Amino acid sequence: MTSELLSGNESVARGAWEAGARVGVGYPGTPSTQALEVFARMDDVYAEWAPNEKVALEVAAGVSMGGARSLVTMKHVGVNVAADPLLTLAYTGVGGGLVVFVADDPGMHSSQNEQDSRNWGPFARIPVLEPSDSAEALAFTRAAFELSERFDTPVLVRATTRISHSKGVVELDGERVVPESGDYVKDACKWVMMPAMARARRLAVDARVAALSSFAEECVFNRAELRDPSVGIVTSGVCYEYVREALPDASVFKVGLSFPLPAEALARFADSVERLAVVEEAEEYLLGGLLRLGLAVDRIDLPGTGELSPALIARALGAEAAPVRDRVEGLPPRPPLMCPGCPHRGAYHALRKAKAIVTGDIGCYTLGALAPLASMDSCVCMGAGVGMAHGMRLAGVGDDRPVVAVIGDSTFAHSGLPALANLAYNGSDATVCILDNRITAMTGHQENPVSGCTLQGRPTVEMDLEGVCRAMGVKRVRTLDPHAIDDAIAAVREEVAAKELSVIIFRAPCALLIREKEQPYAVDEDTCTACGVCISIGCPAISRLEDGRARIDITLCVGCADCVKVCRFSAIDLTGPACDIGGV
Ligand SMILES: Cc1ncc(C[n+]2csc(CCOP(=O)(O)OP(=O)(O)O)c2C)c(N)n1
């Protein structure tokens, strides 16, 4: 028997592979991304990045209708995007097994909100499996495909950051078994969801939930662990591990199938303990479920947002908390910043010069909201900035200061396309800047429709962004290199003055795609006037000395020369030899 240390994401990939999934499709999003990247490298599978989660799920739905098994991956907010097909696929059911892996982010380490994907279970009426460690991530994912076919339903496997990113020992003795995929059989009553058929399928959904509820009672993924009867804790996911660490003697009901909940097994557990409590992160999903079952739950004082820890749980239940290692004091803060050489910096400098109100979006360029650039005014969800620029103009904003949307290339392909179509269709006069760095940088360099390469490394077409914008009816479309800072400033000024919809495509590769580091720059201390302009572009390689003059750290400088171009006193010049920073 071989065992390996695997992360939860790697285990999900392995579970899908063992279950014979032939296709994996998803859209990147921390903490889920690695699951599909790992799956894509496995033997005998096909995997692709879709431009967004809705398309990913629809591709998988086609695979399923065609009789084969497929894995879909996304982060929690991705399910919002995929919700339209998901809620109706709950009606159609599946052909080949269809498993959606979703990773939530309690504490919002890398997300704009903290929603709990377990709620899709009762909302869509589909089963939700919730692993507590890597070994379960493998086993639950593999089992999810069987459940999907047995109950004719998509199945959600829900992880959180700690499950996705922590490693645990996993036995790798499972073989890959690819089920025979049957021929596609035309069946309009199952696959064509128009009202007459949907009404009938709606009843099938209820029958399925009833069958799943009976199954939940004997499902081995739900487990009552009876120890000290004075307290019984109902928990799931990573919180199970925390509870075991904080209160090793407590009785625990470990929920593995989070929807539907096993009503009778939970009632028996409640009867066997004196005090019933629930431990879960950032949501009251289990608590709500238990209260709806009529169980008397003792509400304990845990934070309603963010991640839990064994210490927090011990304290809330009046137990002795094991000593925890505190943060190391005195470390310098490390605010998130765009990398040295990042092409987004030039675009923001130009926008700031134009005093633009910037409706923003999600990607590395969201960091433009932070000091010293402080040049982005909103960030809601992927694609939102383009529509919001139009809305700001409708509200009458922008007569004295221009309204400009910024959006990255991956985000433009994800959900910027329909938003820009709206601006063209409805005659908006906003300016949209597409920050095209050729890659989905924020989530770790995933390929996307502009990159010219697929997830499995095949060369492919690059989306013609200029052509797409023109085809939508945008007449003013121009492309420039954001490192040409004076041109960028001039272009932004001209386009915002045009009083007509315009698109500026700022195109330069992500600094981390460039393997060769250019010769670094240095500040001439005698010429520097301490004006602070180079500091204001927010390059991590530039810092301010005590007397206000600037200093460049040559180990960080990649020689992009953005600072040289903004310095009005010619105080920055080349220094030292070019050096190789190695691969990225
Ligand atoms: C619906 C949704 N899916 C996925 C994500 C995760 N995510 C955040 S930004 C981003 C894309 C960033 O790429 P791009 O727009 O090219 O900008 P870059 O980071 O390269 O500057 C992704 C996938 C998200 N926040 N929301």
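Predicted, not measured: the structure shown is a model, and the values here were computed from it. Atoms within each ligand, like the ligands themselves, are counted from 1 in listed order. Along the sequence shown, the residues carry numbers beginning at 1. Below, all heavy atoms of this structure are taken into account, side chains as well, without hydrogens, waters or symmetry copies.
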> Please output the side-chain donor-acceptor pairs of residues 417-426 that fall under 3.5 Å, not counting sequence neighbours, one pair per line with the distance.
from : atom 1 : to   : atom 2 : distance (Å)
N422 : OD1    : N426 : ND2    : 2.6
N426 : ND2    : N422 : O      : 3.4

> For atom NZ of K565, decide whether the heavy atoms of other residues, nucleotides or ligands shown that lie under 6.0 angstrom number more than 12.
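Atom NZ in K565 is crowded, with more than 12 foreign heavy atoms closer than 6.0 Å.
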> Would you tabulate the side-chain donor-acceptor contacts of residues 5-16 under 3.5 Å, counting partners in other chains and residues two or more places apart, or write 'none'?
from : atom 1 : to   : atom 2 : distance (Å)
S7   : OG     : N9   : N      : 3.4
S7   : OG     : E10  : N      : 3.0
S7   : OG     : E10  : OE1    : 3.3
S7   : OG     : Q34  : OE1    : 3.4
N9   : OD1    : S164 : OG     : 2.9
N9   : ND2    : P31  : O      : 2.7
E10  : OE1    : S7   : N      : 2.7
S11  : OG     : S7   : O      : 2.8
S11  : OG     : S134 : O      : 3.2
R14  : NE     : E18  : OE2    : 2.8
R14  : NH2    : E18  : OE2    : 3.2
R14  : NH2    : G174 : O      : 3.1

> Can you name the residues that come within less than 4.0 Å of ligand 1, going by heavy atoms only?
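Under the 4.0 Å cut-off, ligand 1 touches Y27, P28, G29, E53, K75, V77, G78, V81, Q112, H344, I362, G363, C364, Y365, M382, G408, D409, S410, T411, H414, N437, I439, T440, A441, M442, T443.
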> For S258 and E130, which I'm curious about, is there any donor-acceptor pair between the side chains at under 3.5 Å?
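A donor-acceptor contact under 3.5 Å links the two side chains.
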> Ignoring hydrogens and angles, state whether a donor on the side chain of N448 or H414 is under 3.5 Å from an acceptor on the partner side chain.
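The criterion, which ignores hydrogens and geometry beyond distance, is not satisfied for H414 and N448.
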> Can you name the side-chain contact (heavy atoms from CB on, under 4.5 Å) partners of A441, sequence neighbours left out?
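A441 satisfies side-chain contact (heavy atoms from CB on, under 4.5 Å) with C364, N437, I439, H445, C510 only.
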